[in-house]
Amino acid sequence: MCCHASVRNCRWQVLWDVRKKEKGNSMLNQFSRTQLLLGAQAMQQLAQSRVAIFGIGGVGGYVCEALVRSGVGAFDLIDDDKVCLTNLNRQIIATRPTVGKYKVDVMKERMLSINPDVDVRTHQCFFLPENADQFPFDEYDYIVDAVDTVTAKIEIIMRARQMGVPVISAMGAGNKLDASRFMVADIYKTHMDPLAKVMRRELKKRGVKKLKVVYSDEQPTRPVEDMAISCRTNCICPPGAAHKCTERRDIPGSTAFVPAVAGLILAGEVVKDLSAPRGEEA
């Protein structure tokens, strides 16, 4: 009996019983509540889709979380960073036990714990124009740009356009406090966001007419200048980290709730577009 077994064995027995019930009842499964809203055809489309998420941080981590829980069947995760102690305030994959581990590996393990049948490919590298040819853009059904650097964002967007793959891009989530100010818009209708301003200029140069983005119209807050808690003078990046915080020009302030909301809005747009009747995608 479960009461005489160890807590660990009891937990696995419960999970095993759940899996057996799922297999024995083809109508009821872990995505049934979502199917009540989207319908069976939409769930099938999600299950057959592969989404590439560039950047598995404060924003991208919540994109992964929401999409795997929504029934998306396959993922490519791209990030070269390791979980740092300073990530614990906002990143869903960041816990004390995961500090020092590669973010893509931690997220893959988490996603498989949510849906054991999901297909997750990891790319433990920093995306740049120089290595863009290593990524199978032609295999992606949707691309989420959740990286920080303008160079990488531009390359992701241009590659997506070349391959005709839908792409959505996250603008700035740092130095913000009001999560209710995030919205979905075309890049050329954004304002107040410093990153979006640069992106508008660079995309216009390249002839990009439109781009779906998630941005906030909140005026960024200037971080407190306190060298006692500055990563510049007290770097605690994990050993072996390819890109240390001391290399960054600016280190933005962050909260638990702002990047999470941005990521969930991004995921909502992906689900909406992938589950739409064929030919009606945004």
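Here the structure is a predicted model, which is why all the values come from computation and not from measurement.
Note on ring orientation: taking the six-membered ring where Trp is involved, the planes of F54 and F135 are tilted (angle from 30° to 60°). Taking the six-membered ring where the residue is Trp, H191 and Y215 present perpendicular rings, their angle passing 60° and hence far from 30°.
In this structure, CD on E269 lies 11.0 Å from CG on L274, to the nearest 0.5 angstrom. Separating the NE2 atom in H123 from the CG atom in N131 is a distance of 10.5 Å, to the nearest 0.5 Å. Rounding to the nearest 0.5 angstrom, the gap separating the CG atom in L266 from the CZ atom in F182 is 9.0 Å. The CZ atom of F137 sits 12.0 Å away from atom CE of M158, with the distance rounded to the nearest 0.5 Å. The structure places CG of D178 at 13.0 Å from CD of Q219, a figure rounded to the nearest 0.5 Å. Atoms CZ and NZ, on R206 and K204 in that order, are 14.0 Å from each other to the nearest 0.5 Å.
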task: Please lay out, stage by stage, how L195 and K153 fare under the test side-chain contact (heavy atoms from CB on, under 4.5 Å).
output: CA-CA 11 Å; L195 176 57; K153 295 179 88 67; 4.0 Å; yes

message: Assess the residue pair V258 and R90 against the criterion (side-chain contact (heavy atoms from CB on, under 4.5 Å)); give the C-alpha distance rounded to whole Å, side-chain angles, the decisive distance to 0.1 Å, and a yes or no.
response: CA-CA 8 Å; V258 168; R90 67 194 183 282; over 6 Å; no

query: Given K101 and E109, is the salt bridge (Lys or Arg N to Asp or Glu O under 4.0 Å) satisfied, shown in steps?
result: CA-CA 11 Å; K101 297 181 180 180; E109 182 178 356; 5.3 Å; no

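In K210, the NZ atom is not crowded: 12 or fewer heavy atoms of neighbouring residues, nucleotides or ligands sit closer than 6.0 Å. Counted within 6.0 Å of CZ on R96, heavy atoms from surrounding residues, nucleotides or ligands total 12 or fewer; the atom is thus considered open.
The cluster map of Ile, Leu, Val, Met, Phe, Trp and Tyr, joined by side-chain heavy atoms under 4.5 Å apart, puts V167 and M163 in the same cluster. Hydrophobic clustering, with ILVMFWY side chains joined whenever heavy atoms are under 4.5 angstrom apart, groups I53 together with M111. One hydrophobic cluster, built from ILVMFWY side chains closer than 4.5 Å, holds both V106 and V120.
Annotation: ring-ring contact (aromatic ring centres under 6.0 Å, His included) contacts of Y102 (sequence neighbours excluded): none. Listed by chain and number, the residues in a ring-ring contact (aromatic ring centres under 6.0 Å, His included) with Y62 amount to none (sequence neighbours excluded).
Judged as a side chain to side chain donor-acceptor pair (under 3.5 Å), the pairs with a partner in residues 160-175 (not counting sequence neighbours) are, in order, D145-S169.
With respect to K189 and D217, no salt bridge is recorded, no charged nitrogen being found less than 4.0 Å from a carboxylate O. D76 has a carboxylate O that lies under 4.0 Å from a charged side-chain N of R121, or vice versa, which qualifies the two as a salt bridge.
Under the 3.5 Å distance criterion, the side-chain polar atoms of T98 are matched with a main-chain donor or acceptor of I93.
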